[in-house]
Every structure is written in C-alpha cells, then in structure tokens.
Amino acid sequence: MPAPLSTAMKPLLIHTRRFPFGSYRAITLFPLILYKGQPLTEREVRHERVHLWQQAVLLVVPFYVLYVLFWLVGLVRHRDAYRAYRSIPFERSAYALEATPALSRRRMALDWVRLVRGSTR
C-alpha cells in the first residue's frame, strides 16, 4: 500500500523575505517550496505540492525547460505575462487540483498532460 500523501514527498517550506518576486507568493524549486509573507494556506500548499510531483516525474530540469517554453508560447499568443503564466498547462493543472484535498500522486504528476493540447488553442 502506498504511503499516505501527507508523508509522501512532504514539502520543505522555507519562508523568504523577497523571493519569489512580484505578486507571486510561492515558488516550487524541487524539493523546496519558497514563500514570502504569511504562512501558506492548505490550498496554496496543495498547489505547490502538485508542482513538486510534476517536477519529480519530469526529472526536474525538463519540467523547467517545458515551463519556460509554455510561458514563451503563451507570451507570444496573449502578449501579456500574467495570461501567459495562467496558460501554462502545469499551472492550469495545479490551480484546478488545489481545491481537492485527497489527490493521488499520479494525478498530481500527470494531470497537466491532458491540458497540453488545450493550451495551444
């Protein structure tokens, strides 16, 4: 039987003063979740945990390469950095899944794949 989600890949939360930049509150840099301001809500932690699993399944570096490529494509299409960010399949998946308390590791890691085709529309 797999380990419960609460013990499987428990995120290492690190509070920072200025990073991530801008209006973003948290960033996942495997295996860390860096955040600024108030402690993260459970929902925010779930969002970042989805990114942990995405990064783990893609062996970290390919995740970041794809993330930047998706963002660049979104930037060309939308001509707006925030809309480009929100169009990234990894982010769309994490935002969709963050409200669900009990998620399987597989779903967290691979849900974004179904959104790839939709991100090019």
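Quick caveat, the model's predicted, so the values are computed rather than measured.
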Check your understanding: What is the distance from atom CH2 of W71 to atom CG of L66, rounded to the nearest 0.5 Å?
Key -> 15.5 Å
Check your understanding: Could you give the distance from CG (L75) to CZ (F70), rounded to the nearest 0.5 Å?
Key -> 15.0 Å
Exercise for review: Start with the C-alpha distance between F90 and L58, add both sets of side-chain angles, then the distance that settles side-chain contact (heavy atoms from CB on, under 4.5 Å), and finish with yes or no.
Suggested key: CA-CA 12 Å; F90 298 120; L58 289 172; 3.7 Å; yes
Review point. For Q55 and Y64, does a side-chain donor sit closer than 3.5 Å to a side-chain acceptor?
Key: yes
Exercise for review: May I ask whether F21 and Y35 are part of the same hydrophobic cluster, defined by side-chain heavy atoms of I, L, V, M, F, W, Y residues being less than 4.5 angstrom apart, directly or through others?
Suggested key: yes
Point to revise | Test side-chain contact (heavy atoms from CB on, under 4.5 Å) applied to M108 and S93, step by step | key: CA-CA 8 Å; M108 285 191 292; S93 174; over 6 Å; no
Exercise for review: Kindly say whether L115 contributes a backbone atom to a donor-acceptor pair with the side chain of R92 at under 3.5 angstrom?
Suggested key: yes
Exercise for review: Take I33 and I14 through the side-chain contact (heavy atoms from CB on, under 4.5 Å) test and state the conclusion after the steps.
Suggested key: CA-CA 6 Å; I33 296 174; I14 298 176; over 6 Å; no
Check your understanding: Would you say H15's side chain and G37's backbone share a donor-acceptor pair under 3.5 angstrom?
Key -> yes
Review point. Closest heavy-atom contact between A109 and V57?
Key: CB-CG2, 3.4 Å
Review point. Do Y24 and Y85 make the cut of ring centroids closer than 6.0 angstrom?
Key: yes
Review point. Same cluster or not: are L12 and L34 linked, directly or through other Ile, Leu, Val, Met, Phe, Trp or Tyr residues, by side-chain heavy atoms under 4.5 angstrom apart?
Key: yes
Practice item. Keeping the roles fixed (side chain from S87, backbone from A84), state whether a donor-acceptor pair exists under 3.5 Å. Key: yes
Exercise for review: Examine L32 and V50 and state if one hydrophobic cluster contains both, with Ile, Leu, Val, Met, Phe, Trp and Tyr joined whenever side-chain heavy atoms are less than 4.5 Å apart.
Suggested key: yes
Review point. V68 and V61: same hydrophobic cluster, using ILVMFWY side-chain contacts below 4.5 Å?
Key: no
Study note, to complete from the structure: In this structure, CG of L110 is separated from CH2 of W53 (nearest 0.5 Å) by 10.5 Å
Point to revise | Side-chain donor-acceptor pair present, H51, E48, cut-off under 3.5 Å | key: no
Check your understanding: How far apart are the closest heavy atoms of L40 and A26, and which atoms are they?
Key -> CD2-CB, 4.0 Å
**Study point:** Any donor-acceptor pair under 3.5 Å from T16 side chain to F19 backbone
**Key:** yes
**Study point:** From L72 atom CG to R77 atom CZ, the distance as rounded to the nearest 0.5 Å
**Key:** 14.0 Å
Check your understanding: If you measure from CG on L97 to CH2 on W112, what distance do you get to the nearest 0.5 Å?
Key -> 13.5 Å
Practice item. If a pair satisfies salt bridge (charged side-chain N to carboxylate O under 4.0 Å, His left out) and one of its residues is in residues 29-47, list it, with sequence neighbours excluded. Key: R25-E44, R43-E98
Exercise for review: Any chance you could lay out the side-chain contact (heavy atoms from CB on, under 4.5 Å) test for Y95 and R86, step after step, and finish with the verdict?
Suggested key: CA-CA 9 Å; Y95 279 110; R86 289 301 296 244; 3.7 Å; yes
Point to revise | Inter-residue atom distance Q54.CD - D111.CG, 0.5 Å rounding | key: 8.0 Å
